[in-house]
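Working notes, structure below.
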Amino acid sequence: MPALNLTALRTQIQGRTCAPVYLFFGDDIRLMEQMVDAIEATVDPADRPFAIARLYAGEEHASPLDVAAAANVFPMLGDRRIVIVLRAERFLKPKRGGKSGDEGDGAEERAADDGEGSALDTAPLEDYLERPAPSTILVFVAAGIDRTRRLTKRLLDKAACVEFAGLAADNANERRDAHREAVAILQKEFAANGRAIEPAAIEMIVSRAGGDISKLRGDVERLMLYT
């Protein structure tokens with residue numbers, strides 16, 4: 001499935017035409033959280049306790065089998081159910097364990113070491129991606145992904161993928177676009193908080209972040225508190 005940009009994602013959310021499965025990944029954790037909140041806001045507030053599930057990948061009751069089971073639950077109220085898988089890098093970029101001599105490449109890809117010495121079987125999620133529940137929006141949120149992993153490959157193929165790269169870029173044009181996007185986001189954030197700031201000041205804040213979106217977010221938070 002083609003990758004989405006932020007504008008297309010917002011259009012889908014505003015039009016309530018969300019994809020069955022999303023993969024959010026990248027450095028801008030705060031912006032990913034905002035988009036997750038926006039997707040959850042498509043459900044009536046009174047229905048959210050019953051219609052929304054937030055799971056932390058790899059923790060108790062949040063294995064690939066648990067996630068697939070949660071996504072297959074029919075909505076109790078309303079027309080949709082939303083399942084958010086946070087820290088999904090535990091599924092999509094796990095620490096690689098040792099490979100036994102009698103396992104083939106497919107077995108190694110499907111069973112990744114989750115960092116605690118136990119095998120992580122992603123087959124239930126892979127099967128779910130082939131037949132996602134029509135009434136569920138499943139969102140994976142990851143700080144990073146390993147594109148060589150079997151589950152990651154399936155997600156990149158089947159899900160609507162949005163990279164939140166922050167200020168990271170591979171060339172001058174991408175860096176300029178990332179800088180422009182960061183300035184626009186900060187302008188909206190200051191305005192939403194009732195603050196006025198000169199364009200030159202925003203440019204200085206973005207430039208001082210040195211390409212680190214987390215530093216930029218932290219600087220803005222401190223500035224908001226100071227003012």
Identify the heavy atoms of [X] and [Y] that sit nearest to each other, and give their distance.
X	Y	value
Phe50	Met76	CD2-SD, 3.8 Å
Cys161	Phe25	CB-CE2, 4.5 Å
Ala133	Ala71	CB-O, 3.5 Å
Ala53	Arg81	CB-NH2, 3.8 Å
Arg48	Val43	NE-O, 2.8 Å
Ala19	Ala160	CB-CB, 3.9 Å

Inter-residue atom distance [X].[atom1] - [Y].[atom2], 0.5 Å rounding:
X	Y	atom1	atom2	answer
Leu31	Leu6	CG	CG	5.5 Å
Arg208	Asp219	CZ	CG	7.5 Å
Leu155	Arg149	CG	CZ	14.0 Å
Ile145	Lys153	CD1	NZ	12.0 Å
Thr148	Lys93	OG1	NZ	10.5 Å
Arg10	Asn5	CZ	CG	10.0 Å

Taking the side chain as every heavy atom from C-beta outward, state whether [X] and [Y] have any pair of such atoms under 4.5 Å apart.
X	Y	answer
Ile202	Gln187	yes
Val36	Arg54	yes
Glu198	Met204	no
Arg195	Thr227	yes
Thr152	Leu156	yes
Leu120	Pro64	yes
Ile205	Ile197	yes
Asp28	Arg217	yes

side-chain contact (heavy atoms from CB on, under 4.5 Å), that's the test. Do Tyr22 and Leu9 meet it? Break it down for me. CA-CA 10 Å; Tyr22 285 102; Leu9 174 61; 3.7 Å; yes
Take atom CD in Glu130; do more than 12 heavy atoms of anything else shown fall under 6.0 Å from it?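 More than 12 within 6.0 Å, yes.
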Are the charged groups of Arg30 and Glu221 less than 4.0 angstrom apart, N to O?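 A salt bridge links Arg30 with Glu221.
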Are Asp157 and Arg154 ion-paired here, with the side-chain N under 4.0 Å from a carboxylate O?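 So Asp157 does not pair with Arg154 through a salt bridge.
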Using the rule given for side-chain contact (heavy atoms from CB on, under 4.5 Å), can you reason through Leu129 versus Glu126, listing the C-alpha separation, both sets of side-chain angles and the distance that settles it, and then say yes or no? CA-CA 5 Å; Leu129 293 176; Glu126 294 173 29; 5.6 Å; no
So does [Y] get a backbone contact from the side chain of [X], meaning a donor-acceptor N/O pair under 3.5 Å?
X	Y	value
Thr42	Arg16	no
Ser135	Phe74	no
Asp121	Ala123	yes

Under the side-chain contact (heavy atoms from CB on, under 4.5 Å) test against Leu23, which residue among Val85, Leu4, Leu138, Leu92 passes?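 The option that passes is Leu92.
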Side-chain heavy atoms nearer than 4.5 Å, only ILVMFWY residues, links allowed to pass through others: does that put [X] and [Y] together?
X	Y	result
Phe140	Val73	no
Val141	Tyr56	yes
Met224	Val183	yes
Leu65	Leu125	no

Pairing donors with acceptors under 3.5 angstrom, does anything connect the side chains of Thr122 and Arg150?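 Absent: no donor and acceptor within the cut-off.
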Trace of the side-chain contact (heavy atoms from CB on, under 4.5 Å) decision for Ile29 with Met32: CA-CA 5 Å; Ile29 303 298; Met32 283 194 281; 3.4 Å; yes
Please lay out, stage by stage, how Ile39 and Phe24 fare under the test side-chain contact (heavy atoms from CB on, under 4.5 Å). CA-CA 12 Å; Ile39 289 177; Phe24 294 170; 3.8 Å; yes
